[in-house]
Amino acid sequence: MQARAILSHHRGILLYVSAAVATAFVLPTAIPLYYRLAFLAYAASLYWILRGNTWRSVSVSGTPTKTGGRAWSLLLVGSILFLVVSRLSLFARYGSAPLGYDTGFYVEYYRIISRALTIDPAVITTSHLSYASWLPYILLKLPPFFAINLLHVLHQLLTAGALYFLVRSLFPGTRARVAGAIAVFLFATSVNQFGAYWWMFYKQSMAIPFLLFAFGLLARRSFLAIPVGAFAVAVHLQSAVPFLAAFALVVISSIVRDLVDRRPLKRETWLLVTGFIAVVLLAFLFKGPRELRFYVERLLETGGTWKTVPAWRVEETKGLYVPLPLFLTNALLWAPFALFGITHLRRWSLQLDRRATELLVATFLVLAALTALPFIYQNRTLILLDLLLILFAIPPLRSLFSYPTTRAISVLFLAGALLTTSLTVIRSKPQVSPVERRELEQLGATLRRTGGYAMATDAMYAPWVYVFTEHETIAPGSLNWDRWELPEWEEFWNGDDDTHRHALLLAYDSMPIYLFVGDRQHIPIPLKRFLDEDPSMTQLSPHVWRYDGWPMPLETTPL
Amino acid sequence: MRPLTLRLMVARRIAAWLAILTAMTLVVRHLGGLSLQGAFAVAIAFPFLLYLPGRLLVHAFLPTLDWLERVTASVLLSMVATYTAVFIAEKTLPAVTVTAGVLAVVGATGVCGILALVGHQLRRRRNHVLPTSGATDRPRAADELREERGEHSEE
């Protein structure tokens with residue numbers, strides 16, 4: 001009985017300690033023990049500060065504080081400025097293509113749509129809505145790189161704004177603005193969010209502000225949540241699934257509660273059910289049967305998990321991006337605040353609307369399950385989890401910032417967050433350097449003159465070779481011109497026999513092939529030797545080799 | 001409001017919009033490599049594409065937002081309206097020409113305008129019947145109105 005009382009009394013600290021230890025334990029294996037212990041010490045200190053000093057009135061509204069309203073406005077405007085500078089600085093340093101893997105594909109799609117002024121379903125299978133949204137910019141004759149980058153940056157700003165809107169919808173009272181300012185600061189300085197931006201997950205970054213906005217509208221009980229939610233689902237279904245699942249959980253729990261209480265369904269429950277059905281139906285209308293069939297086939301093919309796919313497709317099925325341990329490492333500075341917010345939810349959720357709390361908890365549970373278990377898109381879902389953890393970190397941070405006794409720690413925290421993200425921004429480099437880009441553009445001009453193929457010898461460079469040469473590109477496992485399966489690529493990369501390499505290249509009709517080898521790729525020694533020594537290879541520039549075809553008829557080749 | 005104050009407010013707004021148009025034209029010309037006419041066309045088109053339709057909806061259905069919420073909501077709702085219109089045009093026409101694109105955006109703005117008008121009328125009627133339920137979105141509107149008037153003692 002006494003043990004139960006102690007457990008009940010100290011449940012918060014027990015949960016917090018367990019979560020902090022689990023976080024320290026899950027960090028990447030390369031991180032030494034003293035680093036993990038330092039994190040635990042940091043987490044323990046923060047617990048002591050939050051619990052002992054300021055938690056007595058941690059609620060977002062009603063906390064006595066002497067901090068001026070101007071300070072919060074400064075934090076908000078400063079965070080937006082930092083967001084803009086951190087997102088634009090890469091363009092200033094590296095030109096128009098400093099971001100991620102998918103830029104190349106998106107630019108090429110933009111060009112295809114520009115030529116046809118419509119979307120061919122055979123070329124673009126999914127998310128017609130997000131691609132159709134480019135048509136106004138195409139009609140205004142905006143160049144592809146400029147249009148896509150402009151929209152990508154705009155989506156970042158909208159995400160900050162939508163997060164602010166959501167926080168102001170969730171947290172009641174005039175102090176919701178304070179919570180909003182903290183949310184925007186955490187978003188702007190989140191290394192994980194910067195990583196997501198750098199990877200150029202265009203459709204996901206487009207869908208996220210709509211999802212957050214729909215969430216906020218739902219909390220405000222506005223009917224606009226329905227069209228906005230459906231729009232978000234249609235833009236990027238994979239990002240919307242966790243929110244839809246959480247929404248479904250809340251709807252089901254409402255129905256069950258009404259049934260258990262043996263009373264007719266409440267008006268609010270009916271509204272939730274109707275709203276959910278309307279969102280799903282509208283999203284289905286946007287998507288259409290062809291796109292839906294694609295998703296169902298994908299789901300049946302994988303069984304909903306990346307465990308069933310071949311090794312070379314695992315990263316793609318996980319949705320690229322960083323794995324959970326690295327994600328946690330990036331969030332270590334503010335993770336204890338999020339943990340504190342989660343483990344002491346009952347303390348501050350009293351200030352929230354009951355339905356909003358349910359939705360928040362349901363979304364957290366769904367996202368935690370989708371990121372901890374080997375579901376498809378596991379890594380990509382971490383971007384959404386990061387946003388939710390920001391929401392949980394707000395009340396403890398608000399508490400820390402509000403008290404003069406912890407002002408120094410607050411300043412240290414702000415400086416630490418700004419410094420960490422600034423270092424990440426400074427260290428970020430594009431996948432393709434300006435020199436490589438120039439070579440590829442020159443290669444494109446050559447290919448238009450001579451014909452033949454460009455070849456990316458590593459999948460990482462596939463979109464870049466394709467977009468900068470603007471020519472038919474052979475690439476491992478992607479684009480339409482690859483005639484080899486994985487074993488043939490393995491043979492091409494690692495095989496000791498150049499005869500086999502020549503035989504493989506014959507599949508491309510004796511056309512000249514221009515092989516591109518980038519600075520960031522690992523080149524196997526046998527392939528390097530082939531490039532440097534084989535008489536059919538001519539090095540045209542530091543990264544480009546020309547293959548002039550089989551030097552002699554295949555049947556006369558001495559064995 | 002006194003006529004002079006109103007005129008000043010309108011003049012300030014026009015000046016702000018002109019400044020935004022000029023800045024946008026220059027930025028698009030410099031970064032997008034467009035001609036001056038092309039950049040000006042973009043600067044004129046962007047507010048219709050990314051702001052006006054949503055602003056009408058915000059005015060009618062979300063009247064108690066602060067500046068950041070208002071701008072975000074306007075842009076997001078505009079995107080929903082204009083992108084959906086263009087999406088429908090793309091699905092129904094063999095190719096989306098400039099005329100079709102302009103008609104789609106104008107149509108989206110028109111639909112938002114009508115919705116805003118209906119929403120505004122409904123709100124007025126509801127306010128007339130129930131004077132205490134003016135806020136359409138949430139009960140904290142009263143708090144914020146007080147805050148805007150400077151009657152709060154926040155922080």
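Within every chain, numbering begins at 1; the chains are lettered A, B, ... in the order of the sequence lines, protein sequences first and strands thereafter. Just so you know, these numbers use all the heavy atoms, side chains as well, and skip hydrogens, waters and symmetry mates.
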Quiz item: Between R220(A) and F165(A), is NZ or CZ placed under 6.0 angstrom from the six-membered ring centre and within 45° of the ring axis?
Solution: yes
Quiz prompt | Between CZ on residue F286(A) and CG on residue L237(A), distance to nearest 0.5 Å | solution = 13.5 Å
Exercise. Check each atom of Y131(A) against the heavy atoms of chain B and say whether the ones under 4.5 Å are side chain, backbone, both or neither.
Key: neither
Quiz item: Considering only heavy atoms, which portion of A162(A) lies under 4.5 Å from any heavy atom of chain B: side chain, backbone, both, or neither?
Solution: both
Quiz prompt | Part of L217(A) within contact of chain B (heavy atom distance under 4.5 Å) | solution = side chain
Quiz item: CG/L129(A) to CD/E291(A) distance, rounded to the nearest 0.5 angstrom?
Solution: 8.5 Å
Quiz prompt | Region of A39(B) that comes under 4.5 Å of a non-hydrogen atom in chain A | solution = neither
Exercise. Answer with yes or no whether the side chains of H152(A) and S205(A) bring together a donor and an acceptor at under 3.5 Å.
Key: yes
Self-check item: Under 4.5 Å from a heavy atom of chain A, the part of T82(B) involved
Solution: neither
Quiz prompt | Largest heavy-atom contact set with chain A, pairs under 4.5 Å, which of L77(B), V71(B), V75(B), L50(B) | solution = L77(B)
Exercise. Report the option among V102(B), V86(B), L76(B), V105(B) that has the most heavy-atom pairs separated by less than 4.5 Å from atoms of chain A.
Key: L76(B)
Quiz prompt | Contact leader toward chain B among L142(A), I119(A), N149(A), where contacts are heavy-atom pairs under 4.5 Å | solution = I119(A)
Quiz item: Any side-chain heavy atom of L224(A) within less than 4.5 Å of one from F213(A)?
Solution: no
Self-check item: Residue L34(B) versus chain A: region with a heavy atom under 4.5 Å
Solution: side chain
Quiz item: What's the spacing between W72(A) CH2 and I182(A) CD1 if we round to 0.5 Å?
Solution: 4.5 Å
Self-check item: Structural part of V28(B) lying under 4.5 Å from a heavy atom of chain A
Solution: both
Exercise. Measure L212(A) against the heavy atoms of chain B and call it side chain, backbone, both or neither at under 4.5 Å.
Key: neither
Self-check item: Interface moiety of L154(A) toward chain B, non-hydrogen atoms closer than 4.5 Å
Solution: side chain
Quiz item: Taking the six-membered ring where the residue is Trp, are the ring centres of Y202(A) and H155(A) under 6.0 Å apart?
Solution: yes
Quiz item: To the nearest 0.5 Å, what is the distance between CD (Q204(A)) and OG1 (T159(A))?
Solution: 10.0 Å
Quiz item: Which region of F91(A), side chain (C-beta onward) or backbone (N, CA, C, O), has a non-hydrogen atom less than 4.5 Å from a non-hydrogen atom of chain B, or is it both or neither?
Solution: neither
Exercise. With a 4.5 angstrom heavy-atom cut-off, could you sort out which part of L49(B) is near chain A: side chain, backbone, both or neither?
Key: side chain
Quiz item: Between G101(B), A45(B), A73(B), which shows the greatest number of heavy-atom pairs under 4.5 Å with chain A?
Solution: A73(B)
Quiz item: How many angstroms lie between OG in S169(A) and OH in Y164(A), if you round to the nearest 0.5 Å?
Solution: 10.5 Å
Quiz prompt | Exceeds 12 heavy-atom contacts within 6.0 angstrom, atom CZ of R290(A) | solution = no
Quiz item: Is the backbone of P53(B) close enough, under 3.5 Å, to the side chain of T109(B) for a donor and an acceptor to pair up by distance?
Solution: no
Quiz item: Who among V184(A), L150(A), L135(A), L158(A) has the most heavy-atom pairs with chain B under 4.5 Å?
Solution: L158(A)
Practice problem: Under 4.5 Å heavy-atom distance to chain A, tell me which part of I88(B) shows up: side chain, backbone, both or neither. | Solution: neither
